[in-house]
K.L.:
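I am attaching a structure below and will ask some questions about it afterwards.
In listed order, ligands and their atoms are each counted from 1. Note that this is a predicted model, so its numbers are computed, not measured. These numbers come from the heavy atoms of this one structure, side chains and all, not from hydrogens, waters or symmetry mates.
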Amino acid sequence: MCGIVGYVGKEKAAPILLEGLAKLEYRGYDSAGLAVRDGNEPVRIVKAKGRIEVLRQKTDNGQSLNGTTGIGHTRWATHGEPSELNSHPHASDDGNVVAVHNGIIENYQELKEKLVRNGYAFHTQTDTEVVVKLIDYYYKKYQMGPIDALAKTMVRVRGSYALAVLFKDYPGEIWAARKDSPMIIGVGREASYIASDVPAILSYTRDVYYIGNLEMACIDGNGARFFNLDGDQIEKEKTTIKWDAEAAEKGGFQHFMMKEIHEQPRAVADTLHSAVRDGAIQLVPELDDELIRSIDQIYIVACGSAYHVGMALQYVMEDLTGVPVRVELASEFRYRPIRLSKNGLVVIISQSGETADSLAALRESKERGVKTLAIVNTVGSSIAREADAVFYTLAGPEIAVATTKAYSAQLIAGYLLAIQFAKVRGEIDDTAYTGYINELETLPDKIGRILEDKERLQWFASKFAAAHDIFFIGRGIDYAIAMEGSLKCKEISYIHSEAYAAGELKHGTISLIEDGTLVIGSLTQSGLHEKTLSNMVECKARGAYLAGLTTNGHYEIEDTVDFAVYVPRTDEHFATSLAVVPLQLIGYYISVARGLDVDKPRNLAKSVTVE
Ligand code: AGP
């Protein structure tokens with residue numbers, strides 16, 4: 001995710017900003033930039049695509065930029081390709097306002113049109129340029145200073161933001177505003193700092209203030225002032241950071257995987273809001289209604305967890321749209337001469353956008369003349385560039401090898417496709433359409449609630465840290481959930497695990513069940529609940545220890561299982577988004593209990609760019 005650093009004090013700002021940005025490298029980025037101001041002189045902006053090293057070279061390690069006030073940014077592209085032009089800081093054309101931004105402005109298109117009507121021109125593809133020019137617009141229109149301009153902007157924009165802003169009329173000051181995107185202020189001796197994340201400023205100060213949602217701040221060499229949305233100055237309590245630098249990078253979590261598990265409500269909400277405007281789903285323009293109506297077969301092609309997303313989506317898409325869906329492993333698909341329907345749509349799902357087999361499958365599909373859509377997390381990646389259309393998930397960079405938040409964001413993208421296809425093809429009416437979208441809106445909060453109860457899962461997982469085998473079973477969507485639960489568990493705990501369609505067990509695998517073998521049954525689909533439960537009972541009869549994963553209210557499973565896990569209720573099509581969370585946590589806690597390298601499991605790479 002993008003990173004922000006700001007400094008104002010007596011030292012040269014640029015080297016401090018570069019060092020701060022380097023501390024945020026772990027978050028992932030594709031370009032970086034600095035804006036530095038020397039007294040009343042105009043702001044100087046330097047940007048570079050690629051590593052911070054390039055920015056260092058361009059500025060002679062920051063020495064070529066004079067000035068003791070500055071802001072810096074590492075960008076992880078969301079709107080617009082990774083490029084020098086799109087990287088931050090962005091400025092109004094006359095340099096009146098210069099800013100860096102983390103987050104996503106959902107209504108940037110509408111705001112852009114308003115600003116164009118008011119004479120503004122746009123040079124980049126970013127939502128950030130729109131915010132910068134909106135601040136400039138309010139600043140000049142009302143002439144009531146930075147707080148008023150920022151507050152008016154905050155009221156007008158929808159989405160999430162952490163903004164660090166330089167105003168031409170206010171040298172030696174950095175202004176900030178935030179909503180749903182982290183931002184802290186650090187104070188030191190005759191210096192103040194601003195950062196999206198603690199590590200950026202930890203080598204300078206441990207004294208910080210947290211800016212609350214919909215609050216603003218102003219820092220100068222003497223400290224910080226804070227304001228609410230009404231423009232009133234507010235008091236804040238200083239906090240002392242006690243984490244060491246490594247813990248700080250992980251946001252205080254022990255591992256990136258746990259941090260990313262906790263980022264799922266945000267990843268889900270951002271992905272959802274990127275495509276839902278005013279209660280309607282807006283897919284990429286290439287997927288117009290005519291194309292959607294003409295599709296007679298959907299092929300979902302992916303690897304690993306992304307393939308499991310496809311497995312879950314198969315049930316949802318077929319049920320909602322009536323279009324047959326086939327899910328294929330990319331490594332098989334690319335060498336298999338299956339006949340693709342000319343009116344088919346190949347959907348490639350990939351977090352990295354660089355997975356060799358998925359990329360080859362995409363190319364193969366294109367060669368065979370079939371339309372392709374990529375659901376990808378990394379802007380500008382090979383799969384994103386080569387597909388006919390791209391739906392970007394907004395999970396942000398994922399560092400742990402075991403995917404969690406990208407998987408959850410991919411599911412959301414798929415649900416939105418399914419709902420929109422169903423609507424356009426006349427399979428659902430307006431009420432159902434709105435009902436599904438509203439239900440998706442509840443998922444971030446429900447995921448958050450599951451995360452509140454993780455200690456129970458930690459206790460449970462630690463009991464099975466020495467297990468030899470773990471079986472995950474389910475039917476329908478629950479089978480897809482089981483597949484992801486099993487992969488999460490085995491890839492980081494090194495315990496052999498299998499996912500089975502519950503009805504298949506007695507065709508061979510049940511012979512592996514012995515005293516104490518852990519069988520985790522997923523029971524989120526009411527129509528299949530009894531069937532799976534009876535398969536679990538068959539395992540219990542052979543000595544298995546049963547864990548049941550179901551929705552709130554199904555407390556009767558406690559008569560059968562040894563350990564029950566409940567997730568909030570949702571429309572059953574979307575159950576995967578909730579049920580997967582306890583399974584991610586179980587895998588995580590088993591790995592921790594075994595003392596393993598959770599974030600970098602043996603033999604695995606984050607991005608599999610070879611066959
Ligand atoms: C799962 O936790 C894995 N890291 C792996 O299965 C991954 O989902 C797979 O390699 C696909 O990667 P991609 O999404 O980047 O294409």
K.L.:
Applying a heavy-atom cut-off of 4.0 Å, say which part of E491 lies close to ligand 1: side chain, backbone, both or neither.
P.N.:
side chain
K.L.:
Would you find more than 12 non-hydrogen atoms of other residues, nucleotides or ligands less than 6.0 Å from K606 atom NZ?
P.N.:
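Counting other residues, nucleotides and ligands, NZ of K606 exceeds 12 neighbours.
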K.L.:
Geometry only, no angles: is K606 polar-contacting ligand 1 at N/O separations under 3.5 Å?
P.N.:
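Among all N and O atoms of K606, none is under 3.5 Å from an N or O of ligand 1.
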K.L.:
Which of these, Q351, H308, E398, sits in a side chain to side chain donor-acceptor pair (under 3.5 Å) with T403?
P.N.:
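Of the listed options, the one satisfying the test is E398.
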K.L.:
Please name the pair of heavy atoms, one in A330 and one in V301, separated by the smallest distance, quoted to 0.1 Å.
P.N.:
CA-CG1, 3.5 Å
K.L.:
At what distance is the nearest protein heavy atom to atom 11 (C) of ligand 1, and which residue and atom is it?
P.N.:
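The closest heavy atom on the protein side is C303 O, 3.4 Å.
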K.L.:
Under a 4.0 angstrom heavy-atom cut-off, which atoms of ligand 1 come close to A402?
P.N.:
2 (O)
K.L.:
If the cut-off is 4.0 Å to any non-hydrogen atom of G304, which atoms of ligand 1 fall inside it?
P.N.:
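Atoms satisfying the 4.0 Å criterion: 6 (O).
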K.L.:
Any donor-acceptor pair under 3.5 Å linking the side-chain atoms of E106 with those of H273?
P.N.:
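Yes - a donor-acceptor pair under 3.5 Å links their side chains.
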K.L.:
Of the options I481, T570, V581, D478, which is the one that meets T576 in a side chain to side chain contact (heavy atoms under 4.5 Å, CB included)?
P.N.:
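Testing T576 for a side chain to side chain contact (heavy atoms under 4.5 Å, CB included) against I481, T570, V581, D478 leaves exactly one candidate, I481.
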K.L.:
Near K488, which atoms of ligand 1 are under 4.0 Å from a heavy atom of that residue?
P.N.:
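Going through ligand 1 atom by atom, the ones under 4.0 Å from K488 are 1 (C), 2 (O).
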K.L.:
In terms of residue, atom name and distance, what is the protein heavy atom nearest to atom 10 (O) of ligand 1?
P.N.:
V608 CG2, 4.0 Å
K.L.:
For T609 and S607, does a side-chain donor sit closer than 3.5 Å to a side-chain acceptor?
P.N.:
no
K.L.:
Atoms of ligand 1 less than 4.0 Å from Q351 heavy atoms?
P.N.:
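Near Q351, the atoms of ligand 1 are 13 (P), 14 (O), 15 (O), 16 (O).
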K.L.:
How far is atom 5 (C) of ligand 1 from the closest protein heavy atom, and which atom is that?
P.N.:
S305 N, 4.1 Å
K.L.:
List the closest protein heavy-atom neighbour of atom 12 (O) of ligand 1: residue, atom name, distance to the nearest 0.1 Å.
P.N.:
T355 OG1, 3.5 Å
K.L.:
Applying side chain to side chain donor-acceptor pair (under 3.5 Å) between K259 and each of H262, H255, E263, report the one that passes.
P.N.:
E263
K.L.:
Using the ring of F256 (Phe, Tyr or Trp, six-membered ring only), decide whether K250 places NZ or CZ under 6.0 Å from its centre and within 45 degrees of its axis.
P.N.:
yes
K.L.:
Considering distance alone, does some N or O of Q410 sit under 3.5 Å from an N or O of ligand 1?
P.N.:
no
K.L.:
Counting non-hydrogen protein atoms only, what is the nearest one to atom 4 (N) of ligand 1? Give residue, atom name and distance.
P.N.:
V401 O, 2.7 Å
K.L.:
Checking the N or O distance criterion of under 3.5 Å, is ligand 1 in contact with G353?
P.N.:
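No - when backbone and side-chain N and O of G353 are compared with those of ligand 1, no distance drops under 3.5 Å.
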K.L.:
Please determine, by modelled atom types, if S577 and Y415 share a side-chain donor-acceptor pair under 3.5 angstrom.
P.N.:
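Result is yes, a qualifying pair exists.
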K.L.:
For atom 15 (O) of ligand 1, what is the nearest protein heavy atom, given as residue, atom name and distance?
P.N.:
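Here the closest protein heavy atom is S352 OG, 2.7 Å.
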